[in-house]
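Numbers for residues simply follow the sequence, beginning at 1.
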Amino acid sequence: MRSSGLVRDARGLGPHDHLCWRYDGPAELRPRVREFLTEGLAIGERVGWAGFGPVTRLVDQLLAVEGMAEALDRGAAQVVPLSATGAVIEPSAQVRVYADATAAALAAGFTGLRVVAESTPLVRTATQLDAFARYEHLVDQYLAGHPFSSMCVYDGAELAQGVIEQLACLHPTSNQDSVGFHLHASTAEFFSGTLSGELDLSTADLFTTALDRTALPLRGMELVVDARGLDFIDHRSLLRLFDHARRRSAPLVLHVSRTGPARIVNVLDVADVRVELHQERVA
């Protein structure tokens, strides 16, 4: 089970969690990094700091976090140099980097891998942002099924709020209350993915962009979405989701905890959409 929705700190996250964190200055970020990494160490994970610059600088940045010196000495903490500033990430290749690092952590006797990644320099241009958002979706698919968790941090002083929202909505958790919805992978193999929050006119453009950047896996030739955490969806957003499934040549199956989506489907008389109603609601 993954944590989901809005969070105020980086505590209580498990081995499959994926957190997007907007920060304002190193002093604000450092306590969140400490929370995230020390909890990983407590459950036997190898932890890491991924960033830019010489390895010595990255080590100094990690050492600034209380409790990391001893972990570095025994190999329980590492630094991960990222691509050069200004580069456009290749999504699949970067996922393989973390997959290999996770495998190495397991082979060394750790229970998994947990990384804080400073990714601000990789989303400054429109081309970088599009590639990195696609990577965020792909790595979310990976970590939903593997003992890898990540805290992706973005400098709010350098990036527009709209840029961070495009990234935050593709994470199950974030500290951004301006993000109306989250579209992400599911740890349950039955579902193609998970959709939570509210979808209305205010989220229309962001939702369309998010769908364009995702490729949720089909289940039995259907796009099966766990929408039990969805509080509201308007007919335009439902049609966008249906069109996304149609472009995948797949029927759309929505698992919901509210009757609203089923009523909309009945009114619109949309073919190839099935709504499954559940009494329980997923937070």
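The nearest pair of heavy atoms linking Ala10 to Glu39 is O-OE1, 4.4 Å. Heavy atoms only, all atoms of each residue included: Tyr98 and Ala117 are closest at OH-CB, 4.0 Å. Across Pro217 and Ser192, no two heavy atoms sit closer than the pair O-OG, 2.7 Å. Nearest heavy-atom pair across Pro261 and Val256 is CG-CG1, 3.9 Å. The two atoms that bring Thr194 and Ser186 nearest to each other are OG1-CB, 3.5 Å, heavy atoms only. The two atoms that bring Leu201 and Asp234 nearest to each other are N-OD2, 3.4 Å, heavy atoms only.
In the hydrophobic clustering of ILVMFWY residues, with side-chain heavy atoms under 4.5 Å counting as a link, Val139 and Val123 come out together. Following chains of ILVMFWY side-chain contacts shorter than 4.5 Å, one can reach Val55 starting from Leu37, so the two form part of one hydrophobic cluster. Hydrophobic cluster membership is shared by Leu167 and Phe148, with clusters built from Ile, Leu, Val, Met, Phe, Trp and Tyr side chains linked at under 4.5 angstrom. Linking Ile, Leu, Val, Met, Phe, Trp and Tyr residues whenever their side-chain heavy atoms come within less than 4.5 Å places Phe181 and Ile233 in a single cluster. Val153 and Ile164 fall into different hydrophobic clusters, where Ile, Leu, Val, Met, Phe, Trp and Tyr residues are linked whenever their side-chain heavy atoms come under 4.5 Å apart, directly or through other members.
For Arg46 (side chain) and Gly75 (main-chain N/O), a donor-acceptor pair under 3.5 Å exists by modelled atom type. Formation of a donor-acceptor pair under 3.5 Å by the Thr125 side chain with backbone atoms of Gln128 is found in this model. Ser174 contributes no side-chain N or O that, together with a main-chain N or O of Cys20, makes up a donor-acceptor pair within less than 3.5 Å. No donor-acceptor pair closer than 3.5 Å links the side chain of His235 to the backbone N or O of Ile264. With hydrogens and angles disregarded, a donor-acceptor distance shorter than 3.5 Å links the side chain of Arg134 to the backbone of Asp212.
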Exercise for the section: For side-chain contact (heavy atoms from CB on, under 4.5 Å), just list the numbers for Leu19 and His171, CA-CA rounded to whole Å, side-chain angles, deciding distance to a tenth of an Å, and then say yes or no. Expected result: CA-CA 6 Å; Leu19 169 62; His171 292 69; 5.8 Å; no

Practice task
Let me see the working for Ser150 and Leu143 under side-chain contact (heavy atoms from CB on, under 4.5 Å), right down to the final yes or no.
Solution key: CA-CA 8 Å; Ser150 176; Leu143 60 82; 4.3 Å; yes

Practice task
Using the side-chain contact (heavy atoms from CB on, under 4.5 Å) rule, take Leu238 and Leu254 through it: C-alpha gap first, then chi angles, then the decisive distance, then the call.
Solution key: CA-CA 10 Å; Leu238 184 58; Leu254 282 179; 3.6 Å; yes

Exercise for the section: Apply side-chain contact (heavy atoms from CB on, under 4.5 Å) to the pair Leu41 and Met68, showing each step before the final yes or no. Expected result: CA-CA 10 Å; Leu41 292 174; Met68 289 300 113; 3.6 Å; yes

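Taking the side chain as every heavy atom from C-beta outward, Arg274 and Glu222 approach each other to under 4.5 Å. The closest side-chain heavy-atom distance from Val80 to Trp49 is not below 4.5 Å. Leu13 has its side chain out of reach of Ser149: every pair of non-hydrogen atoms, C-beta onward, lies at least 4.5 Å apart. Looking only at side-chain heavy atoms (C-beta outward), Thr120 and Glu118 come within less than 4.5 Å of each other. Between Phe232 and Arg258 there is no side-chain heavy-atom pair separated by less than 4.5 Å. Annotation: side chain of Phe36 is not in contact with side chain of Val47 (no heavy-atom distance under 4.5 Å). Using a 4.5 Å cut-off on side-chain heavy atoms (C-beta onward), Trp21 and Val7 make contact.
One finds the CG atom of Leu230 at 12.0 Å from the NE2 atom of His182 (value rounded to the nearest 0.5 Å). With rounding to the nearest 0.5 Å, the separation of OG in Ser178 from CG in Leu6 is 9.5 Å. Put simply, CG on Leu223 and CZ on Phe242 are 11.5 Å apart, with the number rounded to the nearest 0.5 Å. Between atom NE2 of residue His278 and atom CG of residue Asp226 there is a gap of 7.5 Å, rounded to the nearest 0.5 Å. Atoms NE2 and CZ, on His244 and Arg248 in that order, are 5.0 Å from each other to the nearest 0.5 Å. Asp130 CG to Ile89 CD1: the interatomic distance, rounded to the nearest 0.5 Å, is 12.5 Å.
With respect to the salt-bridge test (charged N to carboxylate O, under 4.0 angstrom), the residues Glu35 and Arg32 qualify. A salt bridge links Asp243 and Arg247; the closest N-O separation between the charged side-chain nitrogens and carboxylate oxygens is under 4.0 Å.
Each of Val253, Leu216, Val224 was scored for a side-chain contact (heavy atoms from CB on, under 4.5 Å) with Phe191, with one residue passing: Val224. Of the candidates Leu58, Thr56, Val115, Val79 forms a side-chain contact (heavy atoms from CB on, under 4.5 Å) with just one, namely Leu58. Checked against Arg213 for a side-chain hydrogen bond (donor to acceptor under 3.5 Å, both in side chains), the options Gln166, His137, Glu136 give a single hit: Gln166.
Using modelled atom types and a 3.5 Å distance limit, the side chains of Thr259 and Arg263 yield a donor-acceptor pair.
Annotation: side chain to side chain donor-acceptor pair (under 3.5 Å) contacts involving residues 6-15, sequence neighbours excluded, comprise Asp9-Arg11. Judged as a side chain to side chain donor-acceptor pair (under 3.5 Å), the pairs with a partner in residues 138-148 (not counting sequence neighbours) are, in order, Arg2-Asp140, His18-Asp140.
More than 12 heavy-atom neighbours from other residues, nucleotides or ligands sit within 6.0 angstrom of CD on Gln161.
Among residues two or more places apart in sequence or in another chain, the salt bridge (charged side-chain N to carboxylate O under 4.0 Å, His left out) test is passed with Asp24 by Arg22.
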